[in-house]
2 protein chains.
Amino acid sequence: MTSQHREPVTRDRIIDAALHIVDGQGLGRLTMRRLGDALEVEAMAIYHHLPRGKEELLDGLVAHVAVDPLSATAGGEWQDRLRGWAAGYRERLLEHSGVLPLLVTRRNPAALDGTTASVQEVLGRAGLREETAATGAHTLMGYLIGHAALEARGRALSEAGGPGGAIDWDLRFTGGLDVVLAGLAQS
Amino acid sequence: MTSQHREPVTRDRIIDAALHIVDGQGLGRLTMRRLGDALEVEAMAIYHHLPRGKEELLDGLVAHVAVDPLSATAGGEWQDRLRGWAAGYRERLLEHSGVLPLLVTRRNPAALDGTTASVQEVLGRAGLREETAATGAHTLMGYLIGHAALEARGRALSEAGGPGGAIDWDLRFTGGLDVVLAGLAQS
DNA sequence: GTCATGGCCTTTACGCAGTAAGGTGCAATA
DNA sequence: TATTGCACCTTACTGCGTAAAGGCCATGAC
């Protein structure tokens with residue numbers, strides 16, 4: 001007999017497998033049965049690790065993708081630090097663009113808030129007063145999420161033979177980010 | 001016998017009824033059977049008017065909510081015109097926040113593009129060169145959609161007893177919009 | 001050894017979803 | 001009156017999430 005053992009099923013492995021399905025086949029094809037197949041387990045086994053079932057699974061996906069705070073204390077110009085962090089955040093959102101719709105739904109209260117708070121703190125330490133920093137953090141997060149949504153949609157559309165393959169998304173992103181940063185610098 | 005006639009079912013009435021369900025009970029409770037009930041018709045009757053079924057229904061919802069171009073030729077300062085249009089767009093997005101997740105998914109190719117193009121044209125007539133206007137239009141649309149997502153989420157969260165009921169969303173929105181417009185003015 | 005315990009997984013079953021296929025009834029036309 | 005075609009209904013199928021309960025097996029106590 002060859003080895004019939006398998007990795008033990010854990011919360012982390014479940015969420016990893018789910019993310020893999022979403023990235024490869026889309027959110028609509030993420031079902032408990034398919035997820036069970038990917039883990040070589042019956043669908044109901046998942047409920048042992050995620051008692052709240054699919055709700056908890058989707059919450060986990062959101063947390064995995066959206067939670068990415070930046071350190072408030074590192075050095076350097078705040079604009080440059082935000083640019084670097086934003087580039088990484090955008091990359092993550094696009095890599096897992098299938099979960100973007102879930103960011104919008106009310107799931108997972110704290111997932112975005114921690115990240116937003118870290119941005120706000122960076123802005124606060126840069127000298128903006130509290131209300132301005134809060135607005136700025138929201139503006140930045142809004143731009144990041146909205147742009148990711150537009151970019152994911154645009155890329156999917158032109159892959160499917162839509163009109164414009166002519167958009168340089170990297171340029172669009174950094175250009176828009178610079179607009180927001182420039183606006184922030186003079187507030 | 002009382003009148004047993006009913007309004008004839010039309011594409012428009014279907015989409016109106018669907019929007020009503022989504023606004024009142026959430027996207028998750030929009031089903032063909034429930035929609036049929038609302039129209040006093042069996043679910044399968046809907047397929048006569050929307051042959052592609054639920055796909056076509058959701059596309060219709062997106063179009064109804066997201067299509068809102070602004071006229072390129074009206075007079076006034078471009079900043080003020082954008083502010084006025086953006087306020088209306090935000091209101092519409094929030095009124096139908098249940099369909100926001102659908103904006104993100106690839107549905108309905110042209111729904112957002114027409115609106116974006118109209119913003120780009122306004123910016124172009126304001127003196128920005130083409131590439132800058134395109135980036136600016138994208139930045140604005142990204143901010144609008146992202147902010148609507150954050151606001152809808154934040155409002156739902158604090159209604160459900162979450163932490164911050166202390167956010168003045170009107171102020172946040174106009175503040176963020178001013179940041180973007182200020183950034184645009186100097187690009 | 002033996003036996004109970006408890007963690008991990010499977011089996012079975014239920015209600016609800018979207019929708020394919022084909023049937024029904026009625027108004028307009030010929 | 002006979003015909004046609006549109007609007008709607010009936011039936012039935014597959015797949016979904018998950019409640020409930022049962023099986024298996026390593027571990028530790030005696």
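Just so you know, these numbers use all the heavy atoms, side chains as well, and skip hydrogens, waters and symmetry mates. Chain naming here is simple, since letters A, B, ... match the order of the sequence lines and numbering starts at 1 in each.
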Chemist: Near Q25(A) CD, under 6.0 Å, is it more than 12 heavy atoms from other residues, nucleotides or ligands?
Modeler: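 Yes - once you tally the heavy atoms of other residues, nucleotides and ligands closer than 6.0 Å, there are more than 12.
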Chemist: Round to the nearest Å and state the distance from L50(A) atom CG to dG17(D) atom P.
Modeler: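 Answer to the nearest Å: 13 Å.
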Chemist: Taking 4.0 Å as the cut-off, does a side-chain nitrogen or oxygen of H48(B) come that near to OP1 or OP2 on dC8(D)?
Modeler: no
Chemist: Looking only at side-chain N and O atoms, does H49(B) come under 4.0 Å of OP1 or OP2 in dC8(D)?
Modeler: yes
Chemist: Do E151(A) and R155(A) meet the salt-bridge criterion of a basic N to acidic O distance under 4.0 Å?
Modeler: yes
Chemist: Roughly, in whole Å, what's the span from OH in Y47(B) to C1' in dA21(C)?
Modeler: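 So the two atoms are 13 Å apart, to the nearest Å.
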Chemist: Quick one: is R34(A) getting a side-chain N or O under 4.0 Å of the dG15(D) phosphate, OP1 or OP2?
Modeler: no
Chemist: To the nearest Å, give me how far apart CD (E40(B)) and C1' (dC9(D)) are.
Modeler: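 So the CD-C1' distance, E40(B) to dC9(D), works out to 15 Å.
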Chemist: At 4.0 Å (heavy atoms only), tell me whether R29(A) reaches a base, stays on the sugar-phosphate, or touches nothing.
Modeler: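 Nothing, no nucleic acid heavy atom in range.
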Chemist: Could you tell me how far apart E42(B) (CD) and dC6(D) (C1') are, to the nearest whole angstrom?
Modeler: 18 Å
Chemist: Nearest whole angstrom, please: distance from the P of dG15(D) to the NZ of K54(B).
Modeler: 18 Å
Chemist: Over how many whole Å does the gap from E55(B) atom CD to dT19(C) atom P extend?
Modeler: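 Value for this atom pair: 7 Å.
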Chemist: Salt bridge between R125(B) and E121(B), side-chain N to carboxylate O under 4.0 Å?
Modeler: yes
Chemist: Consider the side chain of M32(A), meaning its heavy atoms from C-beta on, and name the nucleotide among dT18(D), dA17(C), dT11(C) that approaches it most closely.
Modeler: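 That would be dT18(D).
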Chemist: Is there a donor N/O on one and an acceptor N/O on the other, under 3.5 Å, for the side chain of R33(A) and the base of dG17(D)?
Modeler: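 Side chain to base: pair present.
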Chemist: Which nucleotide in the set dC9(D), dG18(C), dT11(C) lies at the smallest distance from any side-chain heavy atom of M44(B)?
Modeler: dC9(D)
Chemist: Just so I know, are the side chains of H96(A) and V22(A) near enough to count as touching, which here means a heavy-atom distance under 4.5 Å?
Modeler: no
Chemist: Check the distance between dC8(D)'s P and R11(B)'s CZ and give it to me in whole angstrom.
Modeler: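 Those two atoms, CZ and P, are 15 Å apart.
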Chemist: Quick one: is R52(A) getting a side-chain N or O under 4.0 Å of the dT18(D) phosphate, OP1 or OP2?
Modeler: no
Chemist: Kindly say whether the aromatic ring centers of W169(B) and F173(B) come within a distance under 6.0 Å.
Modeler: no
Chemist: May I have the distance from I46(B) (atom CD1) to dC9(D) (atom P), rounded to whole angstrom?
Modeler: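 It is 10 Å, rounded to the nearest whole Å.
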Chemist: Would you indicate which nucleotide in dG17(D), dA17(C), dT10(C) comes nearest to any side-chain atom of T31(B)?
Modeler: dA17(C)
